[in-house]
There are 2 protein chains.
Amino acid sequence: MDFEPLGLATDLVILTVRDGRLQVLLIRRGIPPYRGRWALPGGFVRPNEDLETTARRELAEETGLSAERIHLEQVATYGAPDRDPRGRVVSVAYLALVPDLPAPVAGSDAASASWVDATDVLDDSGRLAFDHYRILADGVERARAKLEYSPLATAFCPPEFTISELRGVYEAVWGLPLDPRNFHRKVTKTPDFVEPAGTTTTRDGGRPAQLFHRGTATTLHPPMTRG
Amino acid sequence: MDFEPLGLATDLVILTVRDGRLQVLLIRRGIPPYRGRWALPGGFVRPNEDLETTARRELAEETGLSAERIHLEQVATYGAPDRDPRGRVVSVAYLALVPDLPAPVAGSDAASASWVDATDVLDDSGRLAFDHYRILADGVERARAKLEYSPLATAFCPPEFTISELRGVYEAVWGLPLDPRNFHRKVTKTPDFVEPAGTTTTRDGGRPAQLFHRGTATTLHPPMTRG
DNA sequence: ACAAAAGTGTTAAGCCTACACCCATGC
DNA sequence: GCATGGGTGTAGGCTTAACACTTTTGT
């Protein structure tokens with residue numbers, strides 16, 4: 001077996017929706033290379049550790065969440081020979097979707113971690129270290145695409161949510177407004193997308209809204225439509 | 001940098017449509033582990049070689065094709081610590097779609113390479129070495145899904161093709177019959193999916209059919225519908 | 001009462017499905 | 001002529017997009 005010298009890492013695109021905007025968790029690098037630049041959280045895979053285990057461990061370290069219930073999926077692997085000046089490092093990127101956390105981001109590296117508007121970062125391709133701009137772009141595009149045909153948007157929501165909160169997720173991720181009335185009808189009519197919790201809330205103002213939780217559907221027929 | 005001992009490889013899911021059926025290129029392993037078992041073609045990434053370069057090199061070796069014009073895309077990365085009995089090997093899987101080759105499969109390893117019905121292999125989860133059953137399943141599912149919303153089906157066709165040949169691709173990959181008349185209308189009306197070549201052929205029998213080549217579209221609006 | 005947000009009804013346009021039907025070739 | 005596949009037309013059902021309208025709360 002030719003085991004050439006090689007580092008294996010995972011990088012995380014951790015997304016949330018806060019204040020109606022799509023935000024990504026970035027850390028400011030305290031050590032070279034790219035010292036002082038923003039980067040995606042990530043770290044090396046330990047011996048005998050599965051890739052997804054690494055990603056969940058990093059996620060827990062960065063967000064302070066026990067990452068059991070967080071949606072996490074692999075996006076792509078980046079392995080250009082010169083992508084890391086320290087040597088050959090191949091990175092497997094994961095996408096994590098978290099609800100708007102009531103608790104602040106806390107963890108060992110948290111002093112330098114913050115939520116940043118994803119669109120702002122995507123508007124400036126030079127702001128991130130390494131090839132993290134490309135990784136972020138791929139992760140966001142994955143999220144945007146999956147909202148169409150999967151019930152993934154609920155991963156951004158707390159366990160119980162209103163239809164308009166769910167709509168807020170779509171509007172933030174896609175960056176466009178949706179008709180509240182047609183959205184409501186479509187979501188509630190798609191089988192097993194959401195299920196009524198039987199309770200209501202007035203936290204969004206106006207008439208009390210029914211609360212829902214995730215349904216059992218894994219794909220949406222018909223899909224949600226973007227613009 | 002902690003460069004633990006680690007192998008990095010790529011494995012290829014090479015698909016084609018022959019005789020109206022979806023087929024995958026497999027090799028019979030001549031050496032342990034899994035000697036004598038079927039496996040996906042693949043090999044180790046060389047020092048300073050990009051991942052996709054490795055995949056294209058393997059593709060050329062296995063199919064004898066100069067792989068420039070072949071559709072190739074990354075699917076996922078598999079890194080369970082025990083997936084290879086020889087040690088820690090992480091594999092990046094690629095999906096390749098090739099036209100029905102007039103030339104036989106030829107190459108250094110070709111003596112043991114053959115086209116096998118994908119559905120047959122997917123019916124028996126124990127036939128492939130390593131975790132290649134999972135990789136194949138993921139690759140085929142990717143292909144099936146992408147036919148819906150991308151013009152990817154043309155990657156299975158020669159440079160010029162008829163609408164019914166294109167329909168044959170859909171029917172083989174999805175494993176279900178489609179209405180020839182509605183399919184024809186939909187394909188030719190979707191902007192930039194296919195463009196008329198201006199010539200006709202009678203190679204499929206019956207009335208001469210127009211020949212087309214790929215259009216410039218990258219996504220299909222509206223998508224093709226499965227079942 | 002008024003503002004605000006939830007939720008329902010309606011209508012016109014577009015898309016999909018199914019199938020009848022005609023066209024152009026080889027034999 | 002007849003078989004074979006290519007290609008067009010059309011009617012009914014379903015989905016969507018746009019928006020009028022009613023409901024239920026907080027202030």
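Relative ring orientation between W174(A) and Y170(A) is described as perpendicular, the plane-to-plane angle rising above 60° on a 0-90° scale split at 30° and 60°.
Relative to the side chain of R207(B), the nucleotides dG6(D), dT8(D), dA5(C) differ in distance, and dG6(D) lies closest. When distances are taken from the side chain of H184(A) to each of dT8(C), dG6(D), dT16(D), the shortest belongs to dT8(C). Set against dA5(C), dT15(D), dC19(D), the side chain of P222(A) has dT15(D) as its closest nucleotide.
Contact check for L220(B) versus K186(B): no side-chain heavy atoms found under the 4.5 Å cut-off.
Rounded to an integer number of Å, the gap from CZ of R181(A) to P of dA20(D) is 8 Å. Rounded to whole Å, the distance from CG on N182(A) to P on dC21(D) is 17 Å. When rounded to the nearest whole Å, the span between CG of L220(A) and P of dT15(D) equals 14 Å. In this structure, CE of M224(A) is placed 14 Å from C1' of dA17(D), rounded to the nearest angstrom. Between L166(B) atom CG and dG7(D) atom C1' there is a gap of 16 Å when expressed in whole angstrom units. When the P atom of dA20(D) is taken as reference, atom CG of D179(A) falls 11 Å away, rounded to whole Å. dG14(C) atom C1' lies 12 Å from atom NZ of K186(B), rounded to whole Å. The interatomic distance linking F183(B) (CZ) with dT8(D) (P) rounds to 14 Å, in whole Å.
Nucleic acid contact for T188(A): none, since no nucleic acid atom lies under 4.0 Å from a heavy atom of the residue. At a threshold of 4.0 angstrom between heavy atoms, the contacts of D204(B) are confined to the sugar-phosphate backbone, with no base atom among them. The residue T162(B) sits apart from the nucleic acid: no heavy atom pair falls under 4.0 Å. As judged by a 4.0 angstrom heavy-atom cut-off over every strand, R167(A) is placed among residues touching the sugar-phosphate backbone only.
Residues satisfying the side chain to side chain donor-acceptor pair (under 3.5 Å) criterion with N182(A), sequence neighbours excluded, are R185(A).
Position along DNA chain C of the nearest nucleotide to R185(A) versus P208(A) favours P208(A) as the more 5'-ward residue.
An OP1 or OP2 oxygen of dG5(D) is reached within less than 4.0 angstrom by no side-chain nitrogen or oxygen of S164(B). Contact annotation: T225(B) side-chain N/O to dT17(C) OP1/OP2 distance is under 4.0 Å.
Checking side-chain atoms of R56(B) against main-chain N and O of I70(B) turns up a donor-acceptor pair under 3.5 Å. Side-chain N or O atoms of T16(A) include one that pairs as donor or acceptor with a backbone N or O of V98(A) at under 3.5 Å.
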